[in-house]
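Letters A, B, ... are given to chains in the order of the sequence lines, protein chains preceding strands, and every chain is numbered from 1.
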Amino acid sequence: MIPAAFDYVEAVSAEAAIAALGQHGDEAKLMAGGHSLLPLMKFRLATPSVVIDIGRLSDLSYINDGGDHVAIGALTRHAAVETSDLLKSQAPILAHVAGEVGDPAVRHRGTLGGSLAHGDPASDLPAAILALNATMVVKGPSGQREIAATDFFTGFLQTALAADEMLTEIRVPKVPDAGWSYQKFNRRAQDWAIVGVAAVSNGSTNVALVNMGQTPLRAAAVEAALGGGASAADAAAAAAEGLTPPEDLNADATYRAHLAKVLVGRALSEAGAG
Amino acid sequence: MTVNGEVRSADVEPRTLLVHHLRDVLGLTGTNVGCDTSSCGACTIHIDGESVKSCTMLAVQARGANITTIEGMATNGELHPMQAAFMECHGLQCGYCTPGMVMAATSLLKENPNPSETEVRIGLEGNLCRCTGYHNIVKSVLTAAGGAA
């Protein structure tokens with residue numbers, strides 16, 4: 001399968017990429033590792049007329065100690081997140097979840113920022129980022145702003161990024177002592193999660209769901225139940241409350257709702273919550 | 001780009017996939033196209049020694065890269081230890097997935113020189129053998145790891 005024709009622009013800096021976005025508007029797409037965008041282009045589900053390659057911006061590939069948080073450059077590849085000693089000690093769920101993405105070859109190319117900016121509700125990493133209450137740092141023509149992870153995913157494959165903005169850094173709070181769990185249910189190696197659950201318990205408990213709606217999302221009903229003193233089992237029973245899970249060949253909405261309850265129960269238990 | 005130690009240059013259309021460039025322009029047909037959706041791993045090559053699925057990369061993204069394909073694994077007519085192990089353990093049936101398996105397995109051993117059987121199976125999760133000959137493939141990788149140690 002061959003993508004539709006496009007013009008190729010190689011960005012030499014984040015600023016150059018943002019300028020190119022400003023010039024080409026909605027017709028342009030940023031490409032980092034290309035492991036979310038290129039498959040869509042091959043199926044012609046995405047037909048950008050301009051592809052701006054930011055994959056060579058090595059200055060945006062880093063994992064740094066930021067004091068109370070870990071700062072991760074948007075171009076950091078999954079394999080680097082998975083094997084980072086800093087993340088393993090300070091936000092272990094993120095390193096673990098990065099290792100759950102695709103397969104080793106995919107993780108050599110795919111990037112954290114690319115996966116998040118793609119905003120796929122079936123992806124693993126957005127759930128971890130939501131459960132960690134991370135902060136997205138984005139750059140645009142008028143400077144830099146921060147977006148809370150909980151405000152970042154706005155619709156199916158849509159994020160709060162403006163057409164001329166670029167995700168440059170992800171700031172992950174340090175939670176070295178938090179209980180955590182990632183439950184990924186699928187039927188074949190390297191597949192997407194049919195349903196997934198990320199839980200981080202650090203005093204209060206954050207729970208995020210994979211493939212349970214139009215966006216990566218937090219399990220608000222579970223969190224509210226836990227906050228109100230419910231047991232983990234009672235909270236898990238609320239996992240699908242208020243949600244409209246997608247239906248596909250793998251599962252209908254009823255089955256996904258069932259999976260969510262079971263997996264949230266397991267996640268809360270493993271994270272020591274409730 | 002450098003391919004199997006040789007500098008190769010060409011003008012390519014931006015939408016050309018790396019696997020097609022390797023096969024159709026450079027004539028390196030050892031790298032196979034299987035699923036064409038980054039699932040099966042038949043197109044696995046190395047970029048700077050790391051496994052990459054060449055059906056999910058544009059040729060232009062590989063500008064300046066150091067690429068190794070299955071044709072570049074043997075040196076001076078002698079099989080790479082991984083290739084030799086596949087031969088010794090009969091780690092193939094129809095052979096279609098084999099180049100990708102060898103490339104993925106050598107990348108795996110570079111990151112984890114002494115993997116357990118489970119680690120080999122997980123490490124090769126991105127490479128499918130439709131003959132289901134996994135048992136001997138895993139044995140080949142473990143043999144190569146032992147031989148290299």
Side-chain angles (χ1 to χ4, degrees), chain A residues 1-12 29-58 75 77-80 82-83 99-111 114 184 186 188-192, chain B residues 11-21 24 33 35-65 100-101 103-112 115 118-129 134:
Chain A
M1 292 174 292
I2 315 287
F6 56 85
D7 289 330
Y8 176 79
V9 177
E10 190 181 310
V12 294
K29 287 291 279 183
L30 296 179
M31 182 178 282
H35 272 52
S36 297
L37 180 57
L38 204 43
L40 287 185
M41 289 170 61
K42 288 170 70 179
F43 281 121
R44 311 249 173 149
L45 296 170
T47 52
S49 56
V50 179
V51 168
I52 303 165
D53 185 359
I54 54 172
R56 294 170 197 272
L57 302 183
S58 53
L75 270 291
R77 300 193 189 277
H78 303 319
E82 177 187 359
T83 55
E100 293 288 303
V101 176
D103 58 59
V106 167
R107 299 196 289 272
H108 286 148
R109 290 291 302 168
T111 67
K184 180 175 184 174
N186 60 14
R188 301 180 303 186
Q190 70 168 339
D191 246 348
W192 306 91
Chain B
D11 288 324
V12 299
E13 199 183 349
R15 61 175 167 167
T16 306
L17 300 172
L18 179 57
V19 67
H20 293 144
H21 184 66
D24 303 343
V33 180
C35 68
D36 206 9
T37 56
S38 60
S39 300
C40 80
C43 66
T44 306
I45 58 160
H46 290 173
I47 293 188
D48 299 325
E50 288 184 334
S51 59
V52 169
K53 292 180 169 179
S54 60
C55 78
T56 308
M57 189 163 170
L58 300 169
V60 285
Q61 287 179 290
R63 185 182 58 75
M101 285 285 181
M103 301 312 279
T106 44
S107 176
L108 168 68
L109 290 195
K110 196 176 160 198
E111 289 167 15
N112 182 1
T118 305
E119 286 170 334
V120 171
R121 289 184 185 274
I122 292 173
L124 292 179
E125 70 171 323
N127 293 74
L128 305 180
C129 167
Y134 293 106

Most contacts with chain B, counted as non-hydrogen pairs under 4.5 angstrom, among R188(A), R109(A), M31(A):
R109(A)
Of the listed T44(B), V60(B), V33(B), the one with the largest count of heavy-atom pairs under 4.5 Å with chain A is V60(B)
Backbone N or O of S51(B) within a donor-acceptor pair of the H108(A) side chain at under 3.5 Å?
yes
Less than 4.5 Å to any heavy atom of chain A: does that hold for the side chain of T56(B), its backbone, both, or neither?
both
Using heavy-atom distances under 4.5 Å, tell me whether T16(B) contacts chain A through its side chain, its backbone, both, or neither.
neither
Can you check whether Q61(B)'s main-chain N or O pairs, donor with acceptor, with R56(A)'s side chain at less than 3.5 Å?
yes
More than 12 heavy atoms of other residues, nucleotides or ligands under 6.0 Å from NZ of K29(A): is that the case?
no
In short, E13(B) meets A5(A) closest at the heavy-atom pair OE2-CB, 4.4 Å
Look at G55(A), A105(A), A4(A), G34(A) and state which one has the largest set of heavy-atom pairs under 4.5 Å with chain B.
A105(A)
So which part of L128(B) gets closer than 4.5 Å to some heavy atom of chain A, the side chain, the backbone, both or neither?
side chain
Step-by-step side chain to side chain contact (heavy atoms under 4.5 Å, CB included) determination, M1(A) to T37(B)
CA-CA 9 Å; M1(A) 292 174 292; T37(B) 56; 3.6 Å; yes
Does any N or O in the side chain of E125(B) come within less than 3.5 Å of the main-chain N or O of Q190(A), such that one atom is a donor and the other an acceptor?
yes
Which answer fits A79(A), side chain, backbone, both or neither, if we ask what part of it has an atom under 4.5 Å from a heavy atom of chain B?
neither
For M103(B), is it the side chain, the backbone, both, or neither that has a heavy atom closer than 4.5 Å to a heavy atom of chain A?
neither
